[in-house]
Number of protein chains: 2
Amino acid sequence: MKTDASTPPPRACADCRLRQLPCFLPVTLDELGFIQSCRQTVQAVAAGRAIIAEHHVSPRLYTLYAGWAFRYKTLADGRRQILNFLLPGDFIGLQGEFTDDATHGVEALTDTQLCVFGHDRLWDIFSQQPRLGYNVTWLCAREEQLVDDNLVTVGRRAAAERIAMLLIHLWRRAERLGHVDAQGAVDFPLTQQHIADALGLSLVHTNKTLRKLERIGLHEIKAGRLRLLELKALERMADYHARPMRQVPLI
Amino acid sequence: MKTDASTPPPRACADCRLRQLPCFLPVTLDELGFIQSCRQTVQAVAAGRAIIAEHHVSPRLYTLYAGWAFRYKTLADGRRQILNFLLPGDFIGLQGEFTDDATHGVEALTDTQLCVFGHDRLWDIFSQQPRLGYNVTWLCAREEQLVDDNLVTVGRRAAAERIAMLLIHLWRRAERLGHVDAQGAVDFPLTQQHIADALGLSLVHTNKTLRKLERIGLHEIKAGRLRLLELKALERMADYHARPMRQVPLI
DNA sequence: CGACCCTTTGAGGGCCGTCAAAGGGGGTGG
DNA sequence: CCACCCCCTTTGACGGCCCTCAAAGGGTCG
């Protein structure tokens with residue numbers, strides 16, 4: 001039902017468990033071989049450790065194979081903003097390709113497994129496999145959408161609306177990946193501090209608002225798993241509009 | 001000194017006034033010819049009119065040739081969030097390529113001139129001119145950075161810090177394009193409502209904060225032009241860190 | 001000259017931030 | 001196996017930043 005973050009990606013991309021999920025675009029055998037030739041190595045990063053350190057340029061690109069991570073930025077005095085969460089299949093490190101100073105950090109939220117690509121292969125992707133280049137752009141545009149959405153949430157929604165939004169959003173992303181169990185629950189590894197940092201709220205107010213939503217029976221977070229008990233009510237509260245699910249690329 | 005929004009782009013891309021600016025990456029003659037062959041037509045959009053209507057999928061891509069615009073999203077009850085501002089050279093419409101529902105609107109802030117590309121040419125760019133495909137990704141990643149920065153601002157900065165951030169940011173972008181006059185002023189076509197919508201503030205509070213910064217002499221907005229009188233103080237207030245200026249692609 | 005948009009200022013209140021402290025749960029070491 | 005510790009969660013108190021409501025002033029265009 002879920003991808004085990006302790007199992008590294010298989011040696012052959014053809015055996016990749018992610019690729020077997022219906023939410024990812026199929027690739028040709030040729031493209032698959034090319035992707036595998038780009039894959040430098042495999043790497044495990046433990047929960048709480050940096051995948052890309054803030055203010056450091058990473059010479060690598062990654063595909064998140066298993067586990068959750070997040071992109072973030074911090075101000076000089078320590079205030080932190082989480083930009084978006086990364087789930088299996090997400091591509092990491094593209095921003096570093098086009099700027100001299102690394103702009104944000106990436107941290108593992110759970111234990112993670114990563115497929116590692118040398119950044120010098122990025123140009124090879126575009127020049128040798130145009131369709132994969134197109135897909136890289138696709139992934140980039142898709143990540144920008146996530147940030148767009150989060151910006152609207154942080155800029156214009158009240159605390160309860162923000163939390164409703166985040167819960168629905170993450171639940172849906174986990175659902176796509178087949179992580180929903182028979183009880184309608186998904187793994188939910190965020191602490192309330194993560195939620196606060198993603199939503200532009202304080203920890204205390206995040207806790208009070210979460211408890212309020214839970215008390216009126218909209219959702220339940222128990223033992224690191226999230227269930228949405230009143231999806232419609234949450235969607236109404238957040239002004240959430242489901243997007244049609246569409247296959248996305250996987251590099 | 002500034003690009004006149006009433007002058008349409010020249011017939012030949014080789015005569016493009018934007019391309020003569022040092023902030024844009026040079027292209028080969030071959031690429032230039034290709035870009036011109038992709039350019040369907042030219043379009044003027046008056047201040048306040050939609051370039052891409054919210055909730056409509058645009059079958060077109062644009063390069064903003066002259067004038068300012070902005071991307072935004074609105075909630076059902078009318079609350080609006082501006083995601084980022086668009087200045088000459090920015091590429092518009094990429095998100096629409098990869099999702100079924102259009103996710104955001106684009107509105108002209110001033111009178112604008114646009115170069116129009118059919119969206120069916122996007123694939124041609126990747127397949128026939130890999131380097132231009134790479135550049136499209138570059139532009140996409142760069143726009144995401146803008147949204148990242150704005151998200152940090154809205155999520156974690158206080159009102160005065162947000163405003164300082166926006167003023168510096170927009171001034172710098174205009175400077176890159178050579179829009180600074182001898183008095184250190186740039187065109188600044190935003191209303192306070194735009195500033196409020198970009199920063200997640202109310203109009204009233206935006207006004208009061210702007211006046212406060214102006215009263216202590218940090219900046220001046222007069223006759224639609226902005227001057228930064230105390231750049232260092234503004235940067236300290238905003239925790240702003242200048243990024244090295246680097247040439248960017250122009251499609 | 002009136003209409004409309006944008007700016008400006010005041011008053012009052014509520015949402016959310018900070019400070020403070022206790023409770024719970026899992027891991028580690030004695 | 002128990003004790004301790006650390007991290008995360010939870011709750012209360014209080015204050016301030018920012019929101020809403022309201023209304024007047026200025027500039028431009030028809």
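Values reported hereafter were calculated over all heavy atoms of this structure, with side chains retained and with hydrogens, waters and symmetry mates removed. The sequence lines fix the lettering, A, B, ..., with proteins before strands; numbering per chain opens at 1.
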Derivation and outcome, side-chain hydrogen bond (donor to acceptor under 3.5 Å, both in side chains), residues T7(B) and Q113(B): CA-CA 8 Å; T7(B) 309; Q113(B) 297 285 345; over 6 Å; no

Atom [atom1] of [X] to atom [atom2] of [N]: distance rounded to whole Å?
{"X": "I163(B)", "N": "dC18(D)", "atom1": "CD1", "atom2": "C1'", "value": "12 Å"}
{"X": "L210(A)", "N": "dC8(D)", "atom1": "CG", "atom2": "P", "value": "15 Å"}
{"X": "I195(B)", "N": "dT8(C)", "atom1": "CD1", "atom2": "C1'", "value": "14 Å"}
{"X": "L190(B)", "N": "dC5(C)", "atom1": "CG", "atom2": "P", "value": "19 Å"}
{"X": "R211(B)", "N": "dC18(D)", "atom1": "CZ", "atom2": "P", "value": "18 Å"}
{"X": "Q192(B)", "N": "dG26(D)", "atom1": "CD", "atom2": "P", "value": "16 Å"}
{"X": "K212(B)", "N": "dT7(C)", "atom1": "NZ", "atom2": "P", "value": "19 Å"}
{"X": "L199(B)", "N": "dC18(D)", "atom1": "CG", "atom2": "P", "value": "11 Å"}

dT10(D) phosphate, OP1 or OP2, under 4.0 Å from N207(A) side-chain N/O: yes

Short N-O contact, D181(B) and R225(B), less than 4.0 angstrom: yes

Salt bridge present between K73(B) and D148(A) (N-O < 4.0 angstrom): no

Nearest-nucleotide 5' precedence on DNA chain D, A159(B) against R215(A): R215(A)

Reading 5' to 3' through nucleotides 17-26 of chain C, protein heavy-atom contacts under 4.0 Å coded B for base, S for sugar-phosphate only, - for none: SBBB------

Rounded distance [0.5 Å steps], CD1 in I163(A) versus CD in Q192(A): 8.0 Å

Steps toward side-chain hydrogen bond (donor to acceptor under 3.5 Å, both in side chains) verdict (H205(A), S202(A)): CA-CA 5 Å; H205(A) 197 65; S202(A) 71; 5.6 Å; no

side-chain hydrogen bond (donor to acceptor under 3.5 Å, both in side chains) between Q95(B) and Q145(A), intermediate numbers included: CA-CA 8 Å; Q95(B) 279 75 21; Q145(A) 274 191 20; over 6 Å; no

